[in-house]
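Contents: one structure, followed by commentary.
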Amino acid sequence: MKNYIIKRLLLGVMVLLGVIVVTFFLARVIPSNPAAQWVGPRATQEQIDAATIELGLDKPLVVQFGKYLQGVSQGDLGKSLRTKLPVAKELASYLPPTVELIIFSTFLAIIIGIPLGLNSAKKKDQALDHFCRFFSVGAVSLPTFWVALFLQLIFYRWLGWLPLGGQMETKLKLLYSIPSRTGFLLLDSIISGNWVVAQDVFKHMILPSVTIALYPIGLVARMTRSALLEILSEDYIKAARSYGIKERIVLWNYALKNSLGTTMTVLALSIGYTLVNTFLVEAIFSWPGLGSYTAAAVVALDYPAIIGVTLVSAFSYIMLNLTADIIIALDPRVRV
Amino acid sequence: GCGGGGQQTGDEIPVSEIDIAYYAYNSEPILNWDPSAMFSNGIIVLNNVYETLLKFDPTTSEFENVLAESYEVSEDGMTWTFKLRQGIKFHDGTDFTAEDVKFSIERTLELGQGASYIWDAVSEINIIDNYTVEFKTSYPAPIDLVASSPYASFIMSKDAVEGNSDTWFEEGNEAGTGPYALEGYTMGDEVILSQFADYWKGWDGEHFEKILIKKVAETSSRRQMIEKGDATITMELPSEDVDILKDSDGVQVFIESSFTNMIGFFNTQKAPFDNENIRKALSYAFPYEDVVKYAAGGYAEQSTGPVPNNHWGHSDDLFQYSYDLDMAKQLLEAEGIKEGDLNILLTYMSGDEAEKKASELYKAELSKIGVNLEIRAMPWETQWEMAMSENPEDRQDIFIMYWWPDISNPYSWLYPLYRSEESPLFNLAYYSNPEFDNMIDSAYEKSSTDINQATEEFISAQEVLIDDAPSFYIYDKQVAWITDKNLRGFESNPSYPWVVFFYDIYLEK
Amino acid sequence: MSNILEIKNLKKYFPLKSGFFQKVTAHVKAVDDVSMEIEKGEILGLVGESGCGKTTLVNTVLNLIEPTAGEVVFDGKSMYKLSKNELRDMRKYIQIVFQDPFWSLNPRMLVKDIIGEPLNVQAGMNSVDMLPKVEELLEMVGLPKEGAFKYPHEFSGGQRQRIAIARALALMPKLIVLDEPTSSIDVVSQAQILDLLNNLKEKFDLTYIVISHDLSVVNYMADKIAVMYLGKLVEYGDSRTIFKNPRHPYTKALFDAIPDVYTENIEDIATLEGNVPSAINPPKGCRFHTRCPKSMDICKTHEPELIKQGDDVKVACHLVNDIRGIKEEEARNKHAG
Amino acid sequence: MERPYLHIKDLKINFHTFEGVKTVLNVDEIKIKKGEAFGIIGESGTGKTVLALSIMKLLEMPPGEIESGEILLDGDDLLKKSIKEMEREIRGKKVSMIFQDPMSTLNPVYTIGQQLINVIRESKKCDKNTAYTEAVDMLNTVKLPDAERAMDKYPHELSGGQRQRVIIALALSCGAEFLIADEPTRNLDVTIQAGILKLIKELQTNLKVTVLFIANNPGLISATCNDAAVLYKGEIVEMGTTKEVLRNPQHPYTFTLLNAVPKDKDTRIDLSQVIPPDDTNIIRGSCVYYNRCTNKIAKCEKNQKLIRLEGTHYVKCGICNGGGMNE
Amino acid sequence: MSTNTMNRKDRMIKVLTPRIKSTKESFFLLKKNWLTNLAMYGVLLLILIAIIVPIVLPADIHVAQDTHPEFKLQPPSASHPFGTDYLGRDIFKRVLLGTRISLTTALLAVGLALLIGIPLGAVAGFYGGRIDELIMRITDIFLGFPPLLLAIAIAAFLGPNLRNAMIAIAAAWWPWYTRVVRGQAISMKERQFVKAAKAIGTPSRKIIFKHILPNCISPIIVQASMDIGGVILTIASLSFLGLGAQSPTPEWGLMVSTSRNYFLNAWWYSIFPGLAIFFTVLVFNLLGDGLREVLDPKTRKN
Ligand SMILES: Nc1ncnc2c1ncn2[C@@H]1O[C@H](COP(=O)(O)OP(=O)(O)OP(=O)(O)O)[C@@H](O)[C@H]1O
Ligand SMILES: Nc1ncnc2c1ncn2[C@@H]1O[C@H](COP(=O)(O)OP(=O)(O)OP(=O)(O)O)[C@@H](O)[C@H]1O
Ligand SMILES: [Mg+2]
Ligand SMILES: [Mg+2]
Ligand code: NI
């Protein structure tokens, strides 16, 4: 078991290295001149030449890669061409709001997706199942960006219940400074006991997280359903029933627990998707997170930023899968 | 600690009572805090934090004295003397003196970034006394215009800049004299400014306490915010929205002229666009009226030459291409080009609705005469990079872009866009005509002393240009500001694109 | 009669790898020093509990997996010294019929292609030429000709096994290995398959190795019997003799464990306590001593050799073997030490 | 005659498949006396498992369907009971089941102890500690070596024989008085099979558990059961005491079945009675065995009834029915 | 241990047996579920639209010249059932024309991914050892990225157009197929019919083509049909981010993206292309879901 975990970890590191190599060289096929971007539009040739040297673009690619790798190992991801700030620092400030969104939507995915899948499996081929299946497949079929627009239209413009975007009301932001302890605004405002802000922040979170949660909800529901169906047809479930164990217990304790392995991997997978879905949605909700950052970087072809985001996402994705794998390996109860 | 948090909740101020102006801007408010180097959107922030010696009002062609009390120019137009206002304080508390002016401009020149080249004519800067500076130039140049430029002309505190590290600006600091001081910001997202108590004009009368400039990229969001009263000012809404908002009671709409115009450049180094007649044919095929009406939503005017119609140096008498498909077809046929022969690649900056619509309308017209236009939206940098390709064959055939001046002088169009250059930067048509070059150089020198003569010369240079047809002039843009219906004191100055001078405006209660 | 197949001291250890660098940390001794020979026209029965190495033994013999040590001589040629091409030729003469009828036939291929595959590979026949031959083979194993154009899943377990036998017969081999040919089909079909096999053997003068954990099958078919336990032979020889008088306690236990229609009292069934030990670390001494009802002290320390008992049986058990021999060996060891 | 403990009458079960509706079970009558072991033999796919599952009401209802019949347990008709009632009164309380495959019948994510305790607490409503001691007792009853330690093990840590013992312990621990054993030794080695058989027999004699023993090998039945029935294509073709059925078979299928077991090298299997199974064209309305029967007479074209030959011996065959075959 | 291996095999057979279901039975099961049934008709409808519409409405005229700016942003009416867009183009026509674009790009992207993924997977699974290690490590690296992200990055780097979007998607998707095929190939390799083929001396290449690949088909079909929906959505997302199709191509994602600027005035402009995406993806997902249930009882595990 220890060996397995070490192996998994080493593999994770190797994959990460590979990811860095791939992204770096991918970035270099970009048909654009980073130096010119660095100095911005309407620059003179001298300015561009100076920037080329400053950015080390005159050196051979391998040397550049070595430098980059060295930087990465020290947490330095280079400077954004757009903002000229260290990418690592920017990511650090954009990541928490995104993580906050992801956690919240993953939470939604769990509390909505699992019961949905469970009921669907319980009532297989009945009306409820058809509804749940339609709902869960529908949820993964919706273009998130499109949903975002309509949610705004309904809840902000027509009903006026929820704010349009942003993380909190600007005026509140000017009034109260919330000390940053965790980096998560909602948590910070709750810790500092500021309910006005907490409420406002929560309200701002609803629309984006619901939008983003749609995909994982559908995914979790679908996977839970099929995992459960598979398990429910197993002999040991029939056996449990034959011992007179109540259907409710069979479903919730026996079957659900056994499907945990699948559900967990799926959840890890879906967080990866969620992360990327923020790229499409955050900009629409003016959410100051990684997604908005990426959208801006993509438009400006800010390649250090794109690589940075890619690395961070890939890193979290790998870590998530790793954790899921290790937990599954460690806990005999979810290993099947 | 936790006490701080509790305290803040203690004295609750009703949210509505904060006097804040919220400018919902379509892009990053600022990406570079260095006033010497900043050469893009950042003017909307820096013009409220820093000040320049002068400010130019193109509608009256007059200068407003800001940091300067008065100024003089010598006969030959090569010595400019500015008397400075006294008793002005920088945000760091130091006094504003001639030292700071000399330091600021020299720093800008030294760094050589951004729009620093506008000061190229300056050969030396002399401090006459504490409140008098003298600019000597190597050739006659309109230093008053230069000193009022929205870029590269900001005056910063020498003490603050010298007293801090090289990366002080990068870290998000400022050293201006402007009415508002930087309170906080999130790079690429928002900037918060607050009143600078010691501002030299004082704070009598009504003013906003705080300013929030925030990127709200979605047009629909900007519109919804201004309609709901969440934002105070916004801009760059689709013309359809402007049409509707104009008739709405909830907001005010200001349609203002601007110095921005849309131009399409031909790749004159690549066949068949090296042929003047082909370029002319393609200029005739462009549906100018439809584009003005539908791409710009009517908030524009068809251009006559590169210099916009409300700017000096413009003439309505210049030749104007008009939409004439038959003519276009004839010209093409005369050059032996048959239907289906010509495939053209046009690029524009991704995300720009008006350019997109214009291109699509153009495509529709061209396809009627058997010319296939491929439209490609590209990020500005890539589009520009493509135009800069060594090999003319690798460049796009038509490059559509906006241009606006660094200083209010026709030279600010004619020089960067059309003057011969070995490796052009913005002369993306690769236009080269020595006669034209001489004409504009001479005109520019005259503009510091004899504006009428300069105007005449600029116009005749444009005649030459239009005849060569290296580019076609689409329209001069008008801008629409949408503001809160109670906003007062708002004025738009086309020399300072999208800049709101927040000191001047207030909400009527 | 001559030996068609001779197995000499064959060993097959599967390495168990672990750790990141996949170091070999242990071996599964699936087949451990097994020797036997089969005469032409004979049926050898191979019995033993699941996992004792029966399949591994035959797979190694056929060179489907590499041996760890030992030699196999088929028809006078050493199997492991053949070149790739020679080996391919050799495969014509040995065929194998696998255990489970579900996956021994490719579900995506028509029966004619399945049976015809060896003809195609070895004789280079195309699918048109081979059809009459395929139909002939089908009839030979008692299936209708029309079956040629069906898929395997349209047949029952017993019929599928017939298809597998037909394929094995296609190249007219000399030796057919039958790995549990009837373990997943019911008694009635089993009887028919066994009967078919007996008929085919006589008709084509075949030699079989029949693997089964069901002794009644082996009893019914085999001329010679080999009982395996944990990778080793424990008893080997003439089937009638062994059935009449099993000498190894394991063989005895195997025989007595099967109830038949005439078993009236449950107590007549013998049970073996304990489970099969792991083949990774087989018990020292006699591998069977952990479960042997008659285990002695010596069994824990000394591995019994497979020694001839009478004319036609070899047994590896201290109870049967001459104990003195071991004492002598012990003495010799002491002396040497 | 006393009332049978389990009495199945005219049970007919269909399956809806893509080929259409297919009758997989059509049982005239089965009677099992209290405290006795009843064996059912039949080849693969004859419906043995379906029969067992239908008693437990565990049959998947689509695609399965119970067309008619009664399953009387101690006089109660199980088919009339709802799933809730089954859970409350029958499953695990009175009847319990051992499944075919010891590998998949245990829940892989719980330890043996947890599973046993769950079941015991469910049925006895006792506290954890009592349940624990009872679970250990139970494991000892089924002769699982080192019961205490086994409690903390996961199923995959046990061997097949051990698992099958645990399964039996589970089936018994809920206190059921009726045990259905569906081929409990199918996937086990012969040496291990013997142990399991002995165990079941012991439970039946010592604990007076009624057993329904399903097997596909007549030998297993002979050693363990008092009464036996032969199932062919969903129908009982012969039934009686084990001796009657296995020593004095009357139905041609029973003959075939018994003959098919290989004895030894010198006794050839008599294949005159064995005709290849053919499930493609069952002519419903005729005797189920009609297609394969070598002795069929005109009468056999009609559906046969299970008739009593003598004593407890029943046969469903046209020939026996008119006194034909043995002459 | 010993019983363990044997019975695992038995279990495998039990689990895998449904895979040998006949095509006929698969169809029966597919049709039994009305939701899947409906999805099949939906897919059929979409394919018909994709084939017929561009013939009836040739793109050069109906895409390029169809501008009537004077009728821009008209609400749905009899002549324009879905209304018009910012240049007065008929949205209904454009949505219909978009069907072929979405379907072909998605199919091509998946096809390309399969083309890369299948051989690699088969080789890795069949030969094992070093070559397997190498292929799988590369695959792992690509699997290390969330797929849409990789597609975004590649599309951003290759430059925005539909072809590049397609390549980007294929580049992000192939590892999944490699994995599926490899897993299947490994389990097939252990199948006795492969051993039997080896026993008669069949060469490796032939074994891969005749025995391994045909038996990988159903999991590939399942995986691919489940992916098509996701790929269509990804194409739309890329176009939405400006990394896919270029205006005036009637691509749905691009249309939704453009419509953002008008959607307060012209809801129809956003809603119809969005619904088209939703419907198409839904239909493919439902079909994929149904296919999976029928062909492959095992869920996709990571
Ligand atoms: N490829 C392999 N790698 C590692 N161990 C293996 C391998 N193949 C078989 N073994 C091990 O070798 C031993 C013998 O296996 P084998 O399949 O030969 O047994 P068997 O007698 O044929 O059993 P069965 O009756 O179940 O078919 C077992 O312990 C098994 O786990
Ligand atoms: N879920 C199902 N759907 C369709 N047919 C089924 C289903 N379950 C069982 N059957 C059919 O019912 C018949 C009886 O099956 P059953 O499992 O009872 O056989 P069995 O006698 O237990 O066989 P075995 O000895 O192989 O366990 C078979 O023909 C089978 O195909
Ligand atoms: Mg075997
Ligand atoms: Mg069964
Ligand atoms: Ni075993």
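Keep in mind that what you see is a predicted model, and the values were worked out from it rather than measured. These values consider heavy atoms only, across backbone and side chains, with no hydrogens, waters or symmetry-generated copies. Numbered from 1 within each chain, the chains take letters A, B, ... in sequence-line order.
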Could you have a look at [options] and say which one has the most heavy-atom pairs with chain A under 4.5 angstrom?
options	result
E:Pro273, E:Ser237, E:Gly253, E:Ala236	E:Ser237
E:Phe284, E:Phe240, E:Phe279	E:Phe240
E:Gly229, E:Gly242, E:Ser270	E:Ser270
E:Ile277, E:Ile271, E:Leu275	E:Ile271

[atom1]-[atom2] distance between [X] and [Y], expressed to the nearest 0.5 angstrom:
X	Y	atom1	atom2	value
A:Phe145	E:Ser239	CZ	OG	8.0 Å
A:Thr310	E:Ile152	OG1	CD1	9.0 Å
E:Asp289	A:Ser226	CG	OG	7.5 Å
E:Asn285	A:Arg222	CG	CZ	5.0 Å

Any idea which of [options] has the most non-hydrogen atom pairs under 4.5 angstrom with chain E?
options	result
A:Leu142, A:Val147, A:Ile306, A:Ile318	A:Leu142
A:Leu229, A:Leu16, A:Val137	A:Val137
A:Thr294, A:Leu311, A:Val15, A:Ile307	A:Val15

Is the shortest side-chain heavy-atom distance between [X] and [Y] below 4.5 Å?
X	Y	value
E:Val256	A:Pro143	no
E:Leu286	A:Arg133	yes
E:Leu264	A:Leu153	yes

Decide yes or no on side chain to side chain contact (heavy atoms under 4.5 Å, CB included) for E:Leu149 and A:Phe279, but give the supporting numbers first.
CA-CA 9 Å; E:Leu149 175 74; A:Phe279 295 179; 3.0 Å; yes

Where does [X] contact chain A at under 4.5 Å (heavy atoms): side chain, backbone, both or neither?
X	value
E:Ile138	neither
E:Phe278	both
E:Ile232	neither

Part of [X] lying under 4.5 Å from any heavy atom of chain E:
X	answer
A:Val19	both
A:Val21	neither
A:Leu149	both
A:Ile284	side chain

Take A:Leu11 and E:Met136 through the test side chain to side chain contact (heavy atoms under 4.5 Å, CB included) and record every step on the way to the result.
CA-CA 11 Å; A:Leu11 242 155; E:Met136 285 332 281; over 6 Å; no

Step-by-step side chain to side chain contact (heavy atoms under 4.5 Å, CB included) determination, E:Leu35 to A:Phe134:
CA-CA 8 Å; E:Leu35 216 51; A:Phe134 189 82; 4.2 Å; yes

Return the orientation label for the E:Phe263 and A:Phe150 ring planes: parallel under 30°, perpendicular over 60°, tilted otherwise.
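The arrangement is perpendicular - the two ring planes meet at more than 60°.
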
Side chain to side chain contact (heavy atoms under 4.5 Å, CB included) between A:Leu280 and E:Leu148, worked out:
CA-CA 11 Å; A:Leu280 301 168; E:Leu148 176 58; 4.3 Å; yes

Minimum-distance pair of heavy atoms, taken over all atoms of A:Val22 and E:Ile141
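Here A:Val22 and E:Ile141 meet closest at CG2-CG2, 3.8 Å.
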
